[in-house]
Q: 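The structure's right below; bear with me while I get my questions together.
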Amino acid sequence: MLQAEEASETVRTDVTFVSNGLTPAGHLHTPDDLAGHPRTDEALGEPRLVEHSVPAEADETTPGHLRQGHEHCRTARGTHLRSENAWVPHSVDQIGHADSFAGIESLAPRPLPMIAGSEAATAHVSRMAVEQAGKSKQLFWLDGASHFDLYGKDEYVSPARAKLTSLSGEQPSRPPVEGRAA
């Protein structure tokens, strides 16, 4: 049994989330190990198993998307006081049943403009959304950008903002968020 302190240092690199839940890899082929047993253990009074979403520390051996996640989510660039950088693995079976794109085709005739980074680990999700959407869809690529680059690197945010402005005719705003690092 993992204790809460040990679990907080665990980073999963073998889970890929997609539109209809997740694609199991490695040990996720046995969901009871990740979902059922921890839920039962917690009900019996054991501490809740909590894992990092992105690593608290990163170096050159950290996989690229996790290193980028660390750079954005765990540094002053993008951290937020309400971001716990955690998820509860016993919910993985529930996540696996979610379908983020259920009904996406019903957006038409309303437009679905999407902007994605060409180097984003999540680029396949943008492609899937556009494939499943109705007729009024557009996917714009920002060359060289990762998923996290679109959250706050001006070299990518400015072109994205310009594209959204050209589509809507209005300047998108970024409301101040209490607790966000400067």
Side-chain angles (χ1 to χ4, degrees), residues 1-107 114 116-117 119-129 131-133 146-152 174-182:
M1 164 59 59
L2 285 173
Q3 297 301 312
E5 295 79 28
E6 294 171 334
S8 69
E9 297 304 317
T10 303
V11 176
R12 279 226 151 23
T13 60
D14 57 351
V15 178
T16 303
F17 292 93
V18 294
S19 66
N20 61 346
L22 59 91
T23 301
H27 65 275
L28 290 182
H29 288 291
T30 56
D32 276 348
D33 292 341
L34 197 57
H37 296 308
R39 203 169 17 242
T40 300
D41 292 344
E42 185 179 333
L44 294 172
E46 294 291 331
R48 174 175 278 179
L49 178 64
V50 176
E51 296 192 13
H52 285 304
S53 302
V54 296
E57 299 296 329
D59 60 25
E60 64 280 346
T61 64
T62 307
H65 65 287
L66 292 175
R67 192 171 49 252
Q68 294 163 5
H70 165 79
E71 178 189 324
H72 176 74
C73 300
R74 306 309 336 152
T75 66
R77 177 176 154 219
T79 194
H80 190 279
L81 61 89
R82 291 189 301 251
S83 172
E84 297 181 16
N85 183 34
W87 68 290
V88 182
H90 74 53
S91 66
V92 75
D93 59 335
Q94 297 160 358
I95 295 167
H97 292 292
D99 185 352
S100 302
F101 297 150
I104 195 170
E105 69 284 347
S106 66
L107 287 174
M114 297 190 75
E119 302 304 312
T122 56
H124 65 285
V125 177
S126 299
R127 283 188 194 97
M128 289 170 55
E131 287 171 9
Q132 295 177 32
S146 75
H147 176 84
F148 292 103
D149 289 338
L150 298 178
Y151 290 159
R174 181 177 179 197
V177 177
E178 183 180 333
R180 180 177 283 151

Q: Among all residues two or more places apart in sequence or in another chain, which pass the ring-ring contact (aromatic ring centres under 6.0 Å, His included) test with His147?
A: Tyr151

Q: Are the side chains of Glu84 and Ser53 in touch, meaning some heavy atoms are under 4.5 Å apart?
A: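 The answer is no; the side chains never approach within 4.5 Å.
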
Q: Report yes or no: does Ser83 contribute a side-chain atom to a donor-acceptor pair with the main-chain N or O of His80 at less than 3.5 Å?
A: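 Side chain of Ser83 to backbone of His80, a donor-acceptor pair under 3.5 Å: no, none is there.
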
Q: Search all heavy atoms of Pro55 against all heavy atoms of Arg74 and return the closest pair with its distance.
A: O-CG, 3.4 Å

Q: Let me confirm one number: the SG-NE2 distance from Cys73 to His52, rounded to the nearest 0.5 Å.
A: 12.5 Å

Q: Which value, rounded to the nearest 0.5 Å, describes the distance between Met128 atom CE and Thr122 atom OG1?
A: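 Met128 CE to Thr122 OG1: 12.0 Å, rounded to 0.5 Å.
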
Q: Going by salt bridge (Lys or Arg N to Asp or Glu O under 4.0 Å), name the pairs with one or both residues in residues 56-71, residues two or more places apart or in two chains.
A: Glu71-Arg77, Glu71-Lys153

Q: Quick one: closest heavy-atom pair of Pro38 and Leu49, and the distance?
A: CG-CD2, 4.3 Å

Q: If every non-hydrogen atom of His65 is compared with every non-hydrogen atom of Phe148, which pair is closest and at what distance?
A: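 Reported closest heavy-atom pair: O-CE1, 3.6 Å.
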
Q: Quick check: closest heavy atoms across Gly117 and Ala123, and the distance to 0.1 Å?
A: O-CB, 4.1 Å

